[in-house]
Amino acid sequence: AGRRRAMAAAAPAAAAAPASAPARSAAGDAEGEASSPTAAVAASAATMPGPLGAIDGSGGEEAQQGPRELPALKVSFYELLVRQLQDDGFVTEAQSISQSLHIEPNSRVDKDALFESYSKSLKWAFGDEKPGEWVPITCSPVPPLGPQTRVLDFENKADGVGGRGEKRLANGEPAVGSAGASGTRRPPEIRLLYTAPHRKACRAVAYSSDGRSCATGCLDGTIKILDCARMRTCAASTEGTLGRMRVTDEELSKPIVRVLQDHLLGVSCLAFHPTNPTLFSGSADKAVKIFDLTRPPGHKKAFSTLQDVHAVRCLNLHPCGDFLFVGTSHQAVRLYDLQTLKCFTTFDQAQHHGGGINDIRSTSDGRIFASASSDGSINLWDAVSCRLINRLPKAHIGASVTSVRWSRGLRYLVSSGCDGRTRLWDIRTGTELFSMGFGPAVSEFNTAVLAAGERYTASATSNARLSDVALFDSLTGSTIFMKLGLHAMPVRALEASPVDNTLISGCDDHNARFFAIEERSA
């Protein structure tokens, strides 16, 4: 009876507004059928979009019957709406909608939860607050940068013999192609040092923190540990002053110090522990294997396993060595405590990516880590609280982001994506400095690393037309080599040494190649 009196009182006001004809019709229906709560809901929600608001002369019967089916997300919305009406004192209206849709108010959220979730959006639309303001990030390289350390730095410009405003590296050396005292620097020489054969495509490579060892992972589940010094020795035996032309198979296999095999499917990622002789590997078999490299070479199995329910795509060790970041085909970044083997993730699900995690990289001081996702965004996280600090949405024009790398000075971030391009970001301001790349703006996979004291950026793409590693000047973004001439098939894995000018690549031609970038005299 109270609902009928409210409808009768609202009818004159509705008649005074010609634009509210649907509301008058719904109110009249509710007057004639006081026992139907759906009609009362239609009268109060005649101007609402969606199933409850689409009431006109042709759809009156459907409105009286109510919506037949609602999506799950919309059901959650109406649960919050009913709770918000209760919080604001509209108990009768909340009860009417609840009975009509057969839903209960969301009692698990705090008071005014729906309003709070929309308040920031309203400020962005009608207030002075700007959406997505960039939070400045300051990190300290570990170990600290020395006076002769070569790092990427766009703010260091010398007025010396190279001319005013000449672009240089942080140690004062001119960039490739810049005019110096002896003229334009010549492009470097690419020297292949060693080729490690595999039975299937090589899809993962990694360097140890001291640069003495590297690891390669194959689609057949095997992992090979290689000694970098032995690979250089093997190259010197064929190209040295003695000019030895014949090298036995035994000599060629000496750099391979260990072969591991404990995965059921192909190896997708590798990571060395920063201080201990331990190797971590991830695979499409949804497991992370932990290998002790101090065991005799005959031990090929892992001593511990971290089992997930999604395929593992990337791994990264925190610099302290106590935590492991794991990225899978799921949108949440995993953080494992290696002492207890417990798994953690951010508690705010709204901060998760919208797609799988393709790469994770931590800063050398351990404060921040970056994650690249298939949803096209790059997230920067607080490594202590696992809270999101900044986000680069559509970092590669909406294409999937497949790799990220920090510069040594922690001022810049290099990213690669399925748009076939490599982009350099100033992480202090969140701005893109420039992009590097050529050819088709689409690829299945793309990865890039800073090499040779960050003087160069090496990029590898899965595009079959390119099928090699390209080399760019890190300071200008200009192309030095479109192809190095070492690979005939797509390169899916690439990593640069942390201590010298060597790189290792994994190719679909069943080989991993260890090569160096050597400067030429002018």
Side-chain angles (χ1 to χ4, degrees), residues 134-146 148-158 165-178 316 319 358-372 377-383 389-397 401-417 419 421-437 446-460 470-480 494-498 501 503 517:
W134 187 263
V135 178
I137 294 178
T138 303
C139 298
S140 303
V142 178
L145 301 178
Q148 298 300 319
T149 304
R150 294 193 302 182
V151 296
L152 187 62
D153 189 0
F154 290 89
E155 298 177 356
N156 183 18
K157 296 183 179 181
E166 174 192 351
K167 289 186 177 180
R168 292 174 176 265
L169 295 177
N171 66 342
E173 296 185 18
V176 178
S178 62
N316 184 247
N358 294 323
D359 200 9
I360 301 174
R361 294 288 163 169
S362 173
T363 57
S364 57
D365 61 358
R367 297 179 182 177
I368 308 294
F369 71 92
S371 59
S377 66
I378 299 173
N379 285 2
L380 302 179
W381 307 79
D382 187 323
I389 301 176
N390 289 315
R391 172 173 289 169
L392 293 171
K394 297 183 179 180
H396 285 258
I397 325 179
V401 185
T402 52
S403 74
V404 286
R405 295 291 188 279
W406 292 94
S407 68
R408 175 70 174 82
L410 304 181
R411 293 181 176 181
Y412 309 103
L413 188 73
V414 177
S415 66
S416 293
D419 60 345
R421 299 295 182 265
T422 297
R423 303 180 188 273
L424 185 64
W425 305 86
D426 189 332
I427 217 62
R428 296 165 295 179
T429 60
T431 56
E432 179 185 342
L433 301 180
F434 53 79
S435 64
M436 297 167 277
N446 192 18
T447 184
V449 295
L450 294 168
E454 301 185 347
R455 184 191 302 274
Y456 307 106
T457 299
S459 175
L471 198 65
F472 303 92
D473 189 329
S474 296
L475 280 172
T476 64
S478 58
T479 304
I480 300 176
L494 184 66
E495 200 61 64
S497 172
N501 61 344
L503 297 92
I517 302 176

Please determine whether salt bridge (Lys or Arg N to Asp or Glu O under 4.0 Å) holds for the pair Arg421 and Asp419, giving the CA-CA distance in whole Å, both sets of side-chain angles, and the decisive distance to 0.1 Å. CA-CA 5 Å; Arg421 299 295 182 265; Asp419 60 345; over 6 Å; no

Whether the side chain of Asn316 engages the backbone of Ser362 through a donor-acceptor N/O pair (distance < 3.5 Å, no angle test) should be reported. yes

Rounded to the nearest 0.5 Å, what separation is found between the CD1 atom of Ile378 and the OG atom of Ser415? 4.0 Å

Aromatic plane relationship, Phe369 with Trp381 - under 30° parallel, 30 to 60° tilted, over 60° perpendicular: parallel

Smallest separation among heavy atoms of Arg423 and Ser435, with atom names: NH1-CB, 3.7 Å

Check each of Thr431, Leu392, Leu433, Val404 against Trp425 using the side-chain contact (heavy atoms from CB on, under 4.5 Å) test, and report the only one that passes. Leu392

Quick one: do Arg361 and Arg405 satisfy side-chain contact (heavy atoms from CB on, under 4.5 Å)? Show the steps, please. CA-CA 6 Å; Arg361 294 288 163 169; Arg405 295 291 188 279; 3.2 Å; yes

Interatomic distance, Leu413 atom CG to Ile427 atom CD1 [nearest 0.5 angstrom]: 4.5 Å

Please check this pair: side chain of Asn390 against backbone of Leu380, looking for a donor-acceptor N/O pair closer than 3.5 Å. no

Give the minimum heavy-atom separation between Ser377 and Arg391, together with the two atoms involved. CB-CG, 4.4 Å

Audit row: Leu424, Phe154, side-chain contact (heavy atoms from CB on, under 4.5 Å) steps and yes/no: CA-CA 11 Å; Leu424 185 64; Phe154 290 89; 3.4 Å; yes

On a heavy-atom basis, which atom in Cys139 and which in Arg367 lie closest, and how many Å separate them? CA-NH1, 4.4 Å

Classify the side-chain pair Thr457/Ser474 by whether it contains a donor and acceptor separated by less than 3.5 Å. yes

Which value, rounded to the nearest 0.5 Å, describes the distance between Ile368 atom CD1 and Asn379 atom CG? 12.0 Å

Between Arg428 and Tyr412, which heavy-atom pair has the shortest distance, and what is it? NH2-OH, 3.6 Å

Are the side chain of Ser459 and the backbone of Ala448 linked by a donor-acceptor contact shorter than 3.5 Å? no

Rounded distance [0.5 Å steps], OG1 in Thr422 versus CZ in Phe434: 10.5 Å

Could you give me the CA-CA distance, side-chain angles and deciding distance for Lys394 and Glu432, then say whether salt bridge (Lys or Arg N to Asp or Glu O under 4.0 Å) is met? CA-CA 12 Å; Lys394 297 183 179 180; Glu432 179 185 342; over 6 Å; no

Residue among Arg455, Arg408, Arg411 satisfying salt bridge (charged side-chain N to carboxylate O under 4.0 Å, His left out) with Asp153: Arg411

Between Trp406 and Ser364, is there a side-chain donor-acceptor contact under 3.5 Å, judged purely by atom types and distance? no

Is the backbone N or O of Thr402 less than 3.5 Å from a side-chain atom of Ser416, with the two atoms forming a donor-acceptor pair by type? no

Please name the pair of heavy atoms, one in Ile517 and one in Ala451, separated by the smallest distance, quoted to 0.1 Å. CD1-CB, 4.2 Å

Interatomic distance, OG@Ser478 vs CG@Asp473, rounded to 0.5 Å, equals 4.5 Å

For Ala395 and Val401, the nearest pair of non-hydrogen atoms, with its separation, is CB-CG2, 4.3 Å

